[in-house]
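The structure under discussion appears below in the form of C-alpha cells.
Along the sequence shown, residues carry numbers from 1. Side chains included, hydrogens not; waters and symmetry mates left out as well; all remaining heavy atoms used.
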Amino acid sequence: WCFVVTNDGAPEFRLMSAPLASPGREHWRELVAERTDRRLHTVDAFAGHLVLGYRDLESTLLTVLPLNGAGAHDVRPSVAHGPIRLDHNE
C-alpha cells in the first residue's frame with residue numbers, strides 16, 4: 001500500500017491509501033478523515049502502525065495509528081508548545 005496526504009476536499013488535510021501497483025486518485029480510499037481541530041503534516045509508515053504528525057493550536061503532536069484496528073493514541077511533547085517529531089530509525 002501507499003499513503004497519500006492530501007488537501008483535496010480537506011483544507012486541514014486527510015490521509016488516503018491506495019494499492020502500490022495502482023496509486024492513482026481513482027483508487028484512493030480515505031484512511032484518516034480531515035480534522036478541523038488539527039492539521040495533518042506528515043505520515044511515517046512502520047510494519048505495524050502509522051505515525052501521523054499534526055499541528056494544533058497548542059503544539060505539534062504525533063498520533064500512533066495501529067494497522068491492526070486497535071485504537072489510535074496521541075503523543076504530545078512534555079513541554080507546553082514544545083516540538084515533537086520522529087527521528088532517524090535504524
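Atom CG of Asp44 sits about 9.0 Å away from atom NE2 of His49, to the nearest 0.5 Å. Atoms CZ and CG, from Arg25 and Asp8 in turn, are 4.0 Å apart once rounded to the nearest 0.5 Å. In this structure, NE2 in His41 is found 10.0 Å from CG in Leu61, a value given to the nearest 0.5 Å.
Phe46 and Leu31 fall into different hydrophobic clusters, where Ile, Leu, Val, Met, Phe, Trp and Tyr are joined by side-chain heavy atoms under 4.5 Å apart, directly or via other members. Phe13 and Leu65 end up in the same hydrophobic cluster when Ile, Leu, Val, Met, Phe, Trp and Tyr side chains are linked at under 4.5 Å. Val51 and Leu67 are assigned to two separate hydrophobic clusters, defined by single-linkage of ILVMFWY side chains at heavy-atom distances under 4.5 Å. Linking Ile, Leu, Val, Met, Phe, Trp and Tyr residues whenever their side-chain heavy atoms come within less than 4.5 Å leaves Val64 and Leu40 in two separate clusters. Leu62 and Leu52 sit in two unconnected hydrophobic clusters of ILVMFWY residues. Membership requires side-chain heavy atoms under 4.5 Å apart, directly or through other members.
Between Arg76 and Arg38 the shortest heavy-atom distance is NH2-NH2, 4.1 Å. Between Pro77 and Pro83, the closest heavy-atom pair is CB-O, 3.7 Å. The nearest pair of heavy atoms linking Leu15 to Val5 is CD1-CG2, 4.1 Å. Listed here is the closest heavy atom pair of Pro23 and Cys2: CB-SG, 3.5 Å.
Of the possible donor and acceptor atoms, one in the side chain of Glu34 sits under 3.5 Å from a partner among the backbone N and O of Glu12. With Asp56 contributing its side chain and Ser59 its backbone, the two residues share a donor-acceptor pair below 3.5 Å.
Other members of the cluster containing Met16 are Val4, Trp28, with ILVMFWY side chains joined at under 4.5 Å, either directly or via other members.
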